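Let me begin by presenting the structure, written as structure tokens, before commenting on it.
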Amino acid sequence: MRELVRPAARIDVPVEGKIIGIRRLTAREKVFRIELPGGARLAHQPGQFVMVGLYGSGEAPISITSPPSPGESFELCVRAAGALTHRLHSMEEGDVVGIRGPFGRGFPVREMEGYDMLFVAGGLGLAPLRSLIRYVLERRDRFGSVTILYGARTPADRLFLDELAQWEGDRSIDFRQSIDVGEGDWTGRVGVITTLFRGMELKPARTMVAVCGPPVMYRFVLIELLARGFLESRIYLSFERRMCCGLGKCGRCQINGEFVCRSGPVYSYLHAGRLREAL
Amino acid sequence: MAGILKPKIGVFSFTGCEGCQLQVLNLENELLDLLERVEIVNFREALTGGTNDYAVALVEGSISTASDERELKEIRRNARLLIAIGACAHTTGLNGMRNGESAKLAWSRVYPDRAFDANVAEEVRPLCEVVDVDFTVPGCPIDRDELLRVLTVILAGGTPRPSTTPVCDECRRAGNECLLDDGRICFGALAPSGCRAVCTSYGESCAACRGHLPGAPVSELMALLEEKGIDREEIILRLGRFGSRERAVAALLEELFPGGRNAQEAAS
Amino acid sequence: MREWVLSGDDLEGLIDSISAEWDLYAPQRKGRLFEFRRLRDFEDLCIEYPLTMIPPSSLFAPGSEVLYHFDPDRPAEIESVDPARPIALFGVHPCDLAGIAILDELHLSPPIDRCYANRRSGSFLVAVECAAPCVEESLCADKETYRARRTFDLLLIPSSGDRWFLRSGSEAGDDVARSCRFLRPATYEDRCRGDEESAARNARFKARFGLDAPTLSARVEASWDDLLWSAQSRLCLSCGACNAVCPTCHCYAVDDVLPVKRGESGERRRRRTGCQLADFAVVAGVENFRGEKAFRLRHRIFKKEVYLVERLGRSGCVGCGRCGHFCPAGIRLVEIFRQISGEEKVDA
């Protein structure tokens, strides 16, 4: 049983989070570095999320993309999709947002120690996974081999290009990427993410898998993983639902009886596979 | 809009009853508070003269003439934000009822003794079919509080969110009995909330003047009303009053008037 | 057990004693309906009402409320809403009392919902037992919610000859009863008569679909892929009436209201919403995880009969019958449960 991480920030009323850095990743995504009052630590686990609030625009759940370890600030990767996130994209350094959280349960990092790690990220799904990937890379000696599969729609949609290049150049990481639609001078692989599994030598018996991406990706990735003999209990999936209160009260994020904001967003496939609304 | 300290607002009117402009004036107390934060520079109901210097345009009325279309396009060029206010601007509202027959025929009904004005467009259109509309404050007339919500969000640098829940939700929570239970035609299930269910709270059925929600349950409501013994034609005509621009309603009107109302006229 | 006898003429006296300390809400007419609202005039009290459309629990969990105020220029300055004067609900039916007990468990378990706690703490509940099921759709016999067992401060039990038995369920109830000089402690004879009357009333509450709670829950659980969900939701308008009138529905959305006047504070508000509305499970304006009305109807019933059973150890449906009674499309729990029990042809 994973322990429930006690939130450090207030959970029902937001605290002031100051934007201390903004980085544009793509036409649609930016990374915001946020500092809490008095430099307080968010104390999150990879895979957890916060509720980001802007007065006049309500709140939206945003996964934390930075690893828990360094410094006193944290990073959020935000796609300009709705009213709140568009407004967030127009904000500048020094502006203030409301932060509640962190919420939910992240990846079981302690249980993952000692295993080979396989990361499967699709599109914006790289944002929450990056927190775990960096957590693992910072403690490289505690884990076995590291494999990262990343699929994006087009080359221009890929997030964290500098880090992708770094992973590609790192001989201790098996990094593979693919895009759905070939474009411009792209010379890499084209095809859906599952094509990356072809010809790969994985050791299901000693591997933990972390998957995050659009809903449709899960079905195909799971078929691939289960066919290769990965254990249901060692496949972890992060689910996106309409988290609203973060307190397990408002009912918006429910998958069957589960409140994703409390018992998720990360579930093992052993558990999620039995939730009939999950996949 | 975040950087603008006191944005200039223009209020414009096309084909309609100008009732929505009156709703702006009806803001009364809030209007003075609002005027501390914005400057109204162009407003036929309240000001004389006009200017092209405005950041936000509130536009009511449908586009029913060639000159309407030219003026609207000019407003779009001048304004950073164009907000459609009221059913006429949003969906053509009642004006849309003249679509389906030729402009000339409609003209001859209203002005039997006058020559047809060539400025009149063949079809009445909502603003969004002529220019890009940034936000819409729906309704016939608009709800004052909803207009204020939209304006305050814009002034705070935000994007107003359209309602995604039906009038029924607001109506029931206001403690009203359902008019459908009495065998009355009510379109609350189709229309987005935000009007505080004002009509149904006074016993008037909802005409869906605020347009239809995406995926509005038109077929379910039709089936339910027909099972209650209400005449299908009556339901379709009522849907057509405000809903002629909705695809589901257009299909029903086509069922009632194959080839448009002109064809019916010709046949009879 | 602390029990007294109250003459019908002294009902007003009881209300006065309660009103001295609490804002008293009681069932009154609203057109053809009934609703709980502040009782200004004793003559307006309808103690023998069938059911209110909006359940009394909405006074603790209103359709819309301020979560907290904020100053748009200084977003960190947040002021929580002060608790109001405590309220008393007078004339709550046993099914609605069971509804309040469920909301209590959901809102007062950690993390505590402060708005609900503010309204509920210090409140006073006077329940009234029913003489018979109040509407065609009532399932209080099946749900065993036609008798008040707990949660009340005072319980009124109708008796013959324009009399009531008054039972206390809390210290606050004892205090109020002690302050009412007109109450007479119940004697052995009173109680014997009360038991007889109670037995006669109980006989009027007959089960409608005849499944005990664990069996119903198991049958619902097994019905996931059943065609009944599409069939039953055929005419569903996704109007959310069933959610709005349900005494245990508690889902919500959060909206902001910004001030018009410069320098005034804004409000972050909670707006109750419901799982039957089409937009309920839409994520980021795109993906709808419950896009079909059949899935939404199934979720509503599963939430009451499976998920809340797992969480609370009892059904989230208190059998009040409102969802069916006020559904414009005539979707009724009793039909669904009969189909699930395989006895759809049982007579009413």
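These numbers come from the heavy atoms of this one structure, side chains and all, not from hydrogens, waters or symmetry mates. Residue numbering restarts at 1 for every chain, and letters A, B, ... go by the order of the sequence lines. Worth saying up front: this structure is predicted, and the values here are computed from it rather than measured.
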**Item:** Residue Phe280(C) versus chain B: region with a heavy atom under 4.5 Å
**Value:** neither
**Fill in**
Heavy-atom nearest pair, Asn176(B) first then Met53(C), reads O-CE, 3.1 Å
**Fill in**
Here the gap from His325(C) atom NE2 to Asp181(B) atom CG, rounded to the nearest 0.5 Å, amounts to 8.5 Å
**Prompt:** So, do Arg172(B) and Pro328(C) sit near enough that their side-chain heavy atoms are less than 4.5 Å apart?
**Reply:** yes
**Prompt:** Are there residues of residues 231-252 of chain C that reach to under 4.5 Å of chain B by heavy atoms, and which ones?
**Reply:** Arg234(C), Leu235(C), Cys236(C), Leu237(C), Ser238(C), Cys239(C), Ala241(C), Asn243(C), Ala244(C), Val245(C)
**Heavy-atom contact with chain C under 4.5 Å, split by part of Leu34(B)** = both
**Prompt:** Top residue by heavy-atom pair count (under 4.5 Å) with chain C, among Leu180(B), Leu221(B), Leu224(B)?
**Reply:** Leu224(B)
**Message:** Is Lys30(C) in contact with chain B via its backbone, its side chain, both, or neither, using a 4.5 Å heavy-atom distance?
**Reply:** side chain
**Prompt:** Who among Cys171(B), Gly175(B), Gly188(B), Ala174(B) has the most heavy-atom pairs with chain C under 4.5 Å?
**Reply:** Gly175(B)
**Request:** Report, as yes or no, whether the 6.0 Å neighbourhood of atom CD on Glu48(C) holds more than 12 heavy atoms from other residues, nucleotides or ligands.
**Result:** no
**Prompt:** In this structure, are over 12 heavy atoms from other groups packed under 6.0 Å from Asp41(C) atom CG?
**Reply:** yes
**Request:** For Glu36(B) and Arg262(C), work out which heavy atoms get closest and say how close.
**Result:** O-NH2, 3.0 Å
**Request:** Could you look at Asp145(B) and say if it's the side chain, the backbone, both or neither that has a heavy atom under 4.5 Å from chain C?
**Result:** neither
**Asked** Does Asp182(B) come within less than 4.0 Å of Arg32(C), counting only side-chain N to carboxylate O?
**Response** yes
**Complete:** In terms of heavy-atom contacts, Leu258(C) and Thr152(B) come closest through CD1-O, 3.5 Å
**Which portion of Ala216(B) sits near chain C, non-hydrogen atoms under 4.5 angstrom** = neither
**Prompt:** With a cut-off of 6.0 Å (strictly less than), are more than 12 heavy atoms of other residues, nucleotides or ligands near CZ of Arg29(C)?
**Reply:** no
**Message:** Can you give me the closest heavy-atom contact between Pro166(B) and Leu277(C), atom names plus distance?
**Reply:** CD-CD2, 3.5 Å
**Asked** Arg271(C) versus chain B, heavy atoms under 4.5 Å apart: side chain, backbone, both or neither?
**Response** side chain
**Message:** If the condition is side-chain hydrogen bond (donor to acceptor under 3.5 Å, both in side chains), which residues does Ser64(C) pass it with, not counting sequence neighbours?
**Reply:** Arg269(C)
